[in-house]
Structures are given as structure tokens and as C-alpha cells.
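Beneath this line is the structure, given in C-alpha cells, with notes to follow.
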Amino acid sequence: MASQIIEKQLNILDYSLSSLWRKKLKNLSVILVFTAVIFLVASFQMITRSLTSAAEDALVYAPEITIQKLSIGRQESIPLKYIDQLSAIFGIRQITPRIWGYYFDENNGANYTVMAMDTTVMPKSSMLSQTLREGNLPGLTENGKVAIGRSVLKAKNLGSRRSLSLFRPDLSLKSFKVSGIFNEETDIMTNDLMVMTMADARDLFAISSDLATDLLVYVSNPAEVATIARKISEAIPGTRVLTRQQIQKTYRMIFGWRSGFASVCLLTALAAFVILAWDKASGLSPEERREIGILKVIGWETTDILAIRFWEGLLISIFAFVIGCTLAYIHVAIFEAVLFRPILVGWSVIFPPFRLPPGIELGDLLLIFSFSVLPYLASTVIPAWRCAIVSADSAIK
Amino acid sequence: MLIELESVTKIYNQGRANEVKALDRVDLTIRENTMVCLKGASGSGKSTLLSIIGCVFPPTDGRAAIAGKQLSRMPDRFLTIHRRQTIGFIFQQFNILPNLTVLDNITLPLLPLGISPKERRLRAMPLMEKLAITHRENFLAGQISGGELQRVAIARALINNQPIILADEPTAHLDTRLSQQFMATMADLKAGGKTIVIASHDPLITDDSRIDQVIGVKDGRVNVP
Ligand SMILES: Nc1ncnc2c1ncn2[C@@H]1O[C@H](COP(=O)(O)OP(=O)(O)OP(=O)(O)O)[C@@H](O)[C@H]1O
Ligand SMILES: [Mg+2]
């Protein structure tokens, strides 16, 4: 008896497979559209995940408050004497100067981000060494050493050499030994980065010893950030005081806009899919009706007929789902989301060209699954059900 | 009595504007192992009568007992199960799926019974031999002749060894020779113990001496001589 039930299901599955094969052209086009939609949605989801987590990761190292000096609305170097002026404000744990800027390499047209600061004051500074593939960050006084990102390594064509030279503004050369190389996982932040000592950065950019690019303020009690920020801007007029929250908000806003735009594109794709599914749901072809009628009248139960459609729908949609997700992973991981570059371009304002580790979460996949496979299944089974419950006679006329 | 209808009425689309009374208080009994012909003009209700006898739907009113089971108010699922154990259908259009092979069409009723492909073929072989279609076993049904199609339909109606064979205008698309061949096959099946009901207005059937009884159908009423 049990083996008979299994045999029956096998028979029905077998019938579904040959039925799919008989309508291969139509099914192939359905699979194509279906796979394309899954591919788009999954690619987008993986990129979104990886960007959000990268942005969050970056903020781990960010100070609670950043102070920039403004002159006629533009940022300019900030005098170090402000540090003494601010030390009186209660609640500040540490103020440290940072120098950063862009270095344009005329040899290959590349832009590097140069940064110098006392990294030991960063929160989670002990974790910084994990961002390096080999070597270390230059120590506070280790002049002549630099840690570089992977694209710098490539652009400078270093190979196994571990030294490089950069031009000062007066076109004299300054040589560095590469003390460390950042690893791939942090590409999004470190790809074009050069980290050196404060003294070297001053020398390279010709910045006098009483100036820095901005001041980073670390606060003991996060609850007091807003108060402290207000006190700072009162103490030194003509500065812009950015809190980590504000930076986070900016990230999110830009990201929100981008993802909003992308969502519109995705919705269009989804709409196409829904139309496809609706087209299926709204009507069976006369041949399909006739087949259901014949099966019914020769003794197939309604549930057996539905089982055929169920297997057909399940096989098609699972197939499309797996292929779509796999292609999406390959697209993001190996081809660096090349199809989405135009949408993501804005990110290079915040992040240099990067390599995305695709972010995959089970929850995302389940979400995509339930918004694609389930509706598709419904759109195959429901019309067959509507047709199969009307008595068999109408189908055999 | 194998087939027993008592005051059977069938109304299509009951209560709606397009309501049709296709059968009106029909009384009819058919004994086991007889060959009966339902004769009547187009629209008289022959197909509807066959559908009731064939357990496709229960009567709107009255009592119908087929092979010992009362159809009235039988849920659709049991009607289906009773149908596949009792009734073999042969339709005017044959109702064969053109994209399936001859063998697959013949054995289609066996799939939901949980019978393996091997066993299905074993059951189909003697039928295909008897009906001279063995050489077409693996042809698609859409690629064989009308006479062969008719025989595939007969084989399908017999595959589950059902006691009652119902045929709705089976010779409408056949020439004289094939129609005679069909009647010969039916007579043969009757000799094998089957009960056969044929709806037709083809004189080749209605006037055939092997028909035990001709039942006239007119405007949804039957006239048993
Ligand atoms: N599914 C249906 N819905 C509505 N009316 C129907 C349906 N089937 C049949 N009828 C009507 O019921 C009446 C009897 O039809 P039926 O098909 O039983 O006649 P028939 O004797 O088989 O005719 P024919 O020789 O043309 O096949 C006809 O008036 C027909 O229009
Ligand atoms: Mg008819």
C-alpha cells in the first residue's frame, strides 16, 4: 500500500517531467525571465548587504567627533593650537590630529588616499592589524615606512619589491619602504590607501608642523557627544563639527537614494514577472483545459491533476531560483557587479573602487524565495485547480 | 441491474439565465452484458445521459445507481474513483492527447493507481495486439490515422478492465469500413462479458442486428420500446 502511494507520486512526477519537456519552448522562456528576475534581485541584495556591512565596519574605527576648519565654506588645514583650547572641555578622552589627502600619480593617472594619524587612539585599534595581509602599520615614529592597499601595489607595479617613491610638491622624490599591505576583505576602505607617519605626511604634502587636515575627538561617554560637539563649535567659531551619527546619516541617505533608484529598476523587473505570472493565472490554453478534462474523465482525481501542476511549477521555479542566485553570486564576487556599476558609481565618492565580498544572508534568500517561487507556484496551481473542480464533462465537449 | 435510472433529471446552469433542462424524469434500466444504443436527434440529451451513466456528474434530481452505487450526492472524489473502476469511455473526438505516445495514452488511467511503467506496458500489450496497434506503440498519437486513433481510444477504455463501455457517437469520424470494424470489436467485447452503451444516430449502428436494444431519446425524455 505504501509502495503504491510512492509509485503513484513517481508516476505523477514522471508525467510532470515529460509534460515540461513537451512544452519546452514555452517553459524555457519562462525559466529565462524567471532566472533574470532572481538574478537581478539577488545581485542587488548581495551588494546592498555587503555595502551596508562595509559602511558599518568603517564606522567602528571612526571617532565620535571630527572637527574641520572652514574658510569661505571650504575645508582648509586646522591649527593644532585648537587642541589646547579644547582640552578644557569636560568629557573629552582624547584629541588627535589627522592628515589626509589625495596623491595624484602622474605616471599612471591613479589617485591614492594618503592618511596619517596616531592609530593607537582609535577604538578597537588592536583589531587594525587584522586588516593587513602582511606586515604592520608604520609605528608612530617609524618614518619612511608606509602601509598600502592592494590597488596601490598594483598601480605602482611593485611585484615583490617593497619600496616606492612619491613626489613632493617641489617635484623632489621621497622614498618609502612598504611595511604592510592591506588585505582583500577591507578593499572597500583600503584599496587605494597609503598610511604613513604624521612627519612623513607633512614632508610629502609640505604641511607646516602646526597644522593638520582635521582633528578627531574621542569621547568617554557616548551620551555626551551632542553636548560636547556644541561646546566645541562655540569654543572655536569657523569650524564644522561632525558627529559620527551625522556621518552615518549621510552614508545612509546617499545609500538610500541609490537603493531607491535601484529599487525602481527592480520593481520594473518584478512587474514584468508578475505580468507573466498573471498571464498564466488568468487563463489556461484550450489544450491545457482539454488535457485536464481528459485526465479527469478517465479517472484522475483533482488532487492528482494539481500534483502535476505543482511539480511542474516547483521544478521550474526552484531551477530558476538556484541558477539565478548562483549567477548573482558569480556576478558580484567574480565580475565585481559590473552590471550594477552605473547605479553604484556614486559610491566612489565615499569609497574608492573596491572589490565586494558578496553579502549572503539566509534571510535574504528566503525573502527572495517567498516572493518568487511561492507566487509562481500559486499561479500554476490555482488555475488548474479552478479548471479541475468544474465537472469533467465541460472539458470533453 | 447494472445501470438503473429512476426519474433522473439533469439541469445545466440551474437557477441562471442560461438554464437548460437536458434530461427530464428519465427511467432506464440496462442489464449486465447487453449492448444498448441511445438514438436521438442532436441536442436530445444523449451525451448528458451517457455522462450520468458514466458517473461524470450526479443527476440534478432522481436516483441513479451504477454498478451497485448510488450517485446522488456522491462527492466528486468518490465519483471519480467509482468512475475509473467501472466505466471505460470512448468519445466522438477520441480525446487522445496528441503529444503522448500511443502506449502512454492507453496507460494514462493507470498512473494514479500507482502502477509501475513496466506493469503498465505488460497490461497494454495484449490489448494493443488484439486491436492491431502494437506497431504504433511508440508513435505520437498525433501522427497516426483516424482508425488507429479509434482503436487507441478503445484500448484506453479497457485498460483498467472496467465492466461498462460507453461510446459517444464513436463512428462520426469514421468511414463505413472502419465503422463496421468498430461494431465488430464491440460485439467481441460483449462476448467477453462487457456491458456496452453507444449513443449514436448512425444507421450503421442503430440498425445493427447485434444491438440488443435501441432506446429512443427525444427532448430529454427516453422512449423504451
Ligand atoms: N455543459 C452544458 N451546459 C449547458 N447546456 C448544455 C451542456 N451540455 C449540454 N447542454 C444542453 O443540453 C441539451 C442536451 O445536450 P446533449 O449534449 O446531451 O445532446 P446530444 O443528444 O448529445 O446532442 P448531440 O447529438 O449534438 O451530441 C442541449 O440543449 C445542450 O445545448
Ligand atoms: Mg452528444
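Here is how names work: the chains are called A, B, and so on, in the same order as the sequence lines, proteins then strands, and each is numbered from 1. Only this structure's heavy atoms are used, side chains among them; waters, hydrogens and symmetry mates stay out.
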If you count heavy atoms of other groups shown closer than 6.0 angstrom to [atom1] of [X], is the number above 12?
X      : atom1 : result
B/K118 : NZ    : no
B/K39  : NZ    : no
A/F310 : CZ    : no
B/R63  : CZ    : no
A/R22  : CZ    : yes
A/L25  : CG    : no

*asked:* Is it the case that the side chain of B/R77 and the backbone of A/T303 share a donor-acceptor pair, with hydrogens and angles ignored and the cut-off at 3.5 Å?
replied: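 Judged by distance alone, no pair lies under 3.5 Å.
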
[X] to [Y] - nearest heavy-atom pair and separation:
X      : Y      : value
A/I294 : B/R156 : CG2-NH1, 3.7 Å
A/R290 : B/P98  : NH1-CD, 4.4 Å
B/P112 : A/G299 : CG-O, 4.2 Å
A/N11  : B/I115 : ND2-O, 2.9 Å
A/E7   : B/G114 : CG-O, 3.3 Å

Are side-chain heavy atoms of [X] and [Y] found at a separation under 4.5 Å?
X      : Y      : answer
A/E291 : B/N99  : no
A/E287 : B/L97  : no
B/D76  : A/K296 : yes

For [X], is it the side chain, the backbone, both or neither that has a heavy atom under 4.5 Å from a heavy atom of chain A?
X      : value
B/I87  : neither
B/I159 : neither
B/L79  : neither

*Once you round to the nearest 0.5 Å, how far does OG of B/S116 lie from CD of A/Q4?*
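Interatomic distance, B/S116 OG to A/Q4 CD, rounded to 0.5 Å: 10.5 Å.
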
*Evaluation steps, side-chain contact (heavy atoms from CB on, under 4.5 Å), between B/L108 and A/Y15*: CA-CA 9 Å; B/L108 206 50; A/Y15 187 87; 3.6 Å; yes

*Which residue out of B/L113, B/N160, B/L111 racks up the most heavy-atom pairs below 4.5 Å with chain A?*
B/L111

*Segment of A/L295 engaging chain B (4.5 angstrom heavy-atom cut-off)*: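 Looking at A/L295, just its side chain touches chain B.
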
